[in-house]
Amino acid sequence: MNKVSFICLVLGFASLTSACKSGINHQTKSTTSVNGLLETRYKMLLDYPVDSMSMPRSMNTKTLEIRKVPSKDWTSGFFAGNLWQLYRLTGDSKYKEQAQKWTPFSKKESVNSNSHDVGFKVFCSFGEALKVENKKEYEAVIVKGAETLCTRFNPKVGSIRSWDFNKEIWDYPVIIDNMMNLELLFEASKISGNQKYRNVAIQHANTTLKNQFRADNSCYHVIDYNPTTGEVRKKTTLQGYNDDSVWARGQAWAVYGFTMSYRYTKDPAYLKQAEGTAKFFMTNKNLPEDGIPYWDLKDPNIPNSPRDVSAAMVMASGLYELYTYTKNQSYLAFTDKLMASVQTDKYILSTGIKTPFLFDHSTGNWPKHDEIDEPIIYADYYFLEALLRKK
Ligand code: GLY
């Protein structure tokens with residue numbers, strides 16, 4: 001497909017999804033106006049200066065202060081990833097030029113073994129770069145990152161250790177988000193031919209499958225293991241309302257992570273889990289009508305609780321892929337609804353706010369009172385990925 005037809009297809013999809021928005025309670029602008037809003041916001045990413053010290057992660061919409069982070073932050077690959085995806089969506093070389101400048105920002109993280117987030121940091125930047133430019137240097141960073149991530153694998157537990165903090169509380173914490181880092185490992189095996197990365201990814205996914213889910217297919221955020229025996233010590237949370245609650249983004253990481261793992265392995269158990277958690281989420285009684293979840297689906301303050309657009313967009317991108325394997329129309333219809341919901345002026349940041357973000361109303365870490373109901377960069381990343389996947 002040439003670029004012109006692809007842009008038509010994307011705009012057509014935006015119109016289609018806007019047309020499907022019946023039943024949404026909030027005010028919406030016309031399709032043309034909403035499309036214009038998004039395009040205006042896309043261009044604001046180009047205005048953000050290339051700065052080797054910090055990447056825009058989120059924004060306080062009251063003070064208009066942008067939170068900037070160094071490469072060691074788990075989100076450091078997303079800005080380059082957004083620029084690469086915008087290049088693929090629009091064909092405008094300005095996004096590619098900016099993406100080329102931002103991609104090296106997270107390169108040194110390929111040798112940082114301080115957390116499991118090497119997958120997010122390296123793959124969301126260099127992985128996206130590789131989809132556009134077939135460069136050996138991008139491949140080398142991905143393989144290096146996979147090697148680093150494997151240093152955190154304990155064969156007794158059968159998992160990659162997520163975090164090193166809170167040592168007085170946890171012995172070996174593994175969080176559901178960690179499923180997302182497996183894509184780096186699967187791709188590194190394909191690039192290098194070294195099966196070690198893939199084997200680690202499969203063992204991690206199998207251990208997660210065994211221990212991280214409840215009978216209703218919702219997932220815990222954190223499982224703490226005994227690193228000597230491999231036994232489960234605690235099923236708990238850091239970012240959810242409480243240990244037994246349903247942190248919305250965690251459910252989305254699970255659906256996306258197991259669907260992606262199915263892509264590489266064709267293990268039906270992974271598909272079954274992704275479908276189970278997707279169904280749990282889609283039919284949840286606390287999910288608002290527009291599908292954009294409250295940050296935790298068991299927050300007792302619902303409906304007076306902040307939403308999380310980022311959870312919706314991770315779920316959207318994961319469900320589009322899940323649809324391709326199952327052809328279950330309910331995934332497609334639900335995801336189209338999510339995409340229509342966010343492409344309204346309730347969620348798109350107003351053009352008067354000059355920042356390199358597309359959407360408002362994500363929630364980062366509610367228990368820490370951190371990034372509540374704000375624009376957060378990874379909501380934009382998974383929205384752009386979902387748009388590309390819709391193609
Ligand atoms: N991986 C961190 C988060 O989802 O907030």
Side-chain angles (χ1 to χ4, degrees), residues 55-59 67 69-79 81-82 106 109 112 114-125 127 145 149 152 159-166 170 173-185 204 208 212 218-224 236-241 245-258 260 277 281 292-297 299 306-318 357 359 361-383 385-386:
M55 188 214 70
R57 167 177 161 147
S58 58
M59 182 189 180
R67 177 175 175 186
V69 289
S71 69
K72 68 179 182 192
D73 188 87
W74 78 274
T75 63
S76 68
F78 288 121
F79 194 58
N82 284 350
S106 59
E109 298 309 313
N112 179 355
N114 287 349
S115 89
H116 69 144
D117 289 324
V118 59
F120 280 110
K121 293 185 262 191
V122 166
F123 201 70
C124 297
S125 49
L149 187 55
R152 300 184 63 81
S159 270
I160 297 160
R161 182 185 181 122
S162 295
W163 293 325
D164 293 343
F165 57 87
N166 271 0
W170 301 319
V174 178
I175 65 174
I176 189 64
D177 327 25
N178 206 335
M179 284 300 298
M180 300 297 285
N181 293 309
L182 306 187
E183 193 165 4
L184 173 80
L185 300 179
H204 182 95
T208 303
Q212 205 108 18
S218 67
C219 64
Y220 291 93
H221 180 208
V222 185
I223 305 294
D224 186 35
T236 180
T237 196
L238 187 75
Q239 282 165 260
Y241 187 84
S245 72
V246 178
W247 178 47
R249 198 161 58 252
Q251 313 312 304
W253 293 140
V255 170
Y256 188 121
F258 276 97
M260 174 270 294
T277 306
F281 184 91
I292 311 301
Y294 299 104
W295 73 279
D296 189 307
L297 291 168
D299 180 351
R307 305 286 191 100
D308 185 7
V309 168
S310 78
M313 294 300 95
V314 174
M315 186 63 83
S317 191
F357 303 108
F359 297 107
H361 305 306
S362 289
T363 295
N365 193 335
W366 189 89
K368 269 182 72 185
H369 309 291
D370 189 20
E371 295 175 328
I372 311 294
D373 200 18
E374 289 185 359
I376 306 183
I377 191 159
Y378 42 89
D380 301 349
Y381 177 91
Y382 290 102
F383 164 77
E385 185 180 72

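Note that the numbering runs from 1 along the sequence shown for the chain. These values consider heavy atoms only, across backbone and side chains, with no hydrogens, waters or symmetry-generated copies. In this text the structure is predicted, and so the values were computed from the model without any measurement. Remember, it's 1-based here, ligands and their atoms both numbered in the order they're listed.
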Practice item. Nearest heavy atom to atom 1 (N) of ligand 1 wins, so pick from Asp117, Asp177, Asn178. Key: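 Among Asp117, Asp177, Asn178, the closest heavy atom to atom 1 (N) of ligand 1 belongs to Asp177.
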
Exercise for review: From the options Asp164, Val174, Ile175, select the one residue that forms a side chain to side chain contact (heavy atoms under 4.5 Å, CB included) with His116.
Suggested key: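 Result for side chain to side chain contact (heavy atoms under 4.5 Å, CB included) with His116: Ile175.
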
Check your understanding: Which protein heavy atom lies closest to atom 5 (O) of ligand 1, and at what distance to 0.1 Å?
Key ->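 Heavy-atom neighbour on the protein nearest atom 5 (O) of ligand 1: Arg249 NH2, 2.6 Å.
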
Practice item. Step by step, work out the side-chain hydrogen bond (donor to acceptor under 3.5 Å, both in side chains) result for Ser310 and Arg249. Key: CA-CA 7 Å; Ser310 78; Arg249 198 161 58 252; 3.2 Å; yes

Exercise for review: Just let me know how Trp163 lines up against ligand 1, side chain, backbone, both or neither, with a heavy-atom cut-off below 4.0 Å.
Suggested key: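 It is neither; nothing of Trp163 touches ligand 1.
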
Check your understanding: Is the shortest distance from a Lys or Arg side-chain nitrogen in Asp370 or Arg67 to a carboxylate oxygen in the other one below 4.0 Å?
Key ->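 So Asp370 pairs with Arg67 through a salt bridge.
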
Check your understanding: In terms of side-chain geometry, is the basic nitrogen of Arg57 or Asp73 positioned less than 4.0 Å from the acidic oxygen of its partner?
Key ->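 So Arg57 pairs with Asp73 through a salt bridge.
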
[X] heavy atoms, cut-off 4.0 Å: which ligand 1 atoms fall inside?
X      : answer
Trp247 : 3 (C), 4 (O)
Gln239 : 3 (C), 5 (O)
Trp253 : 4 (O)

Check your understanding: Only one of Tyr382, Tyr378, Trp74 forms a ring-ring contact (aromatic ring centres under 6.0 Å, His included) with Phe120, so which one is it?
Key ->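 The single option meeting the ring-ring contact (aromatic ring centres under 6.0 Å, His included) with Phe120 is Trp74.
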
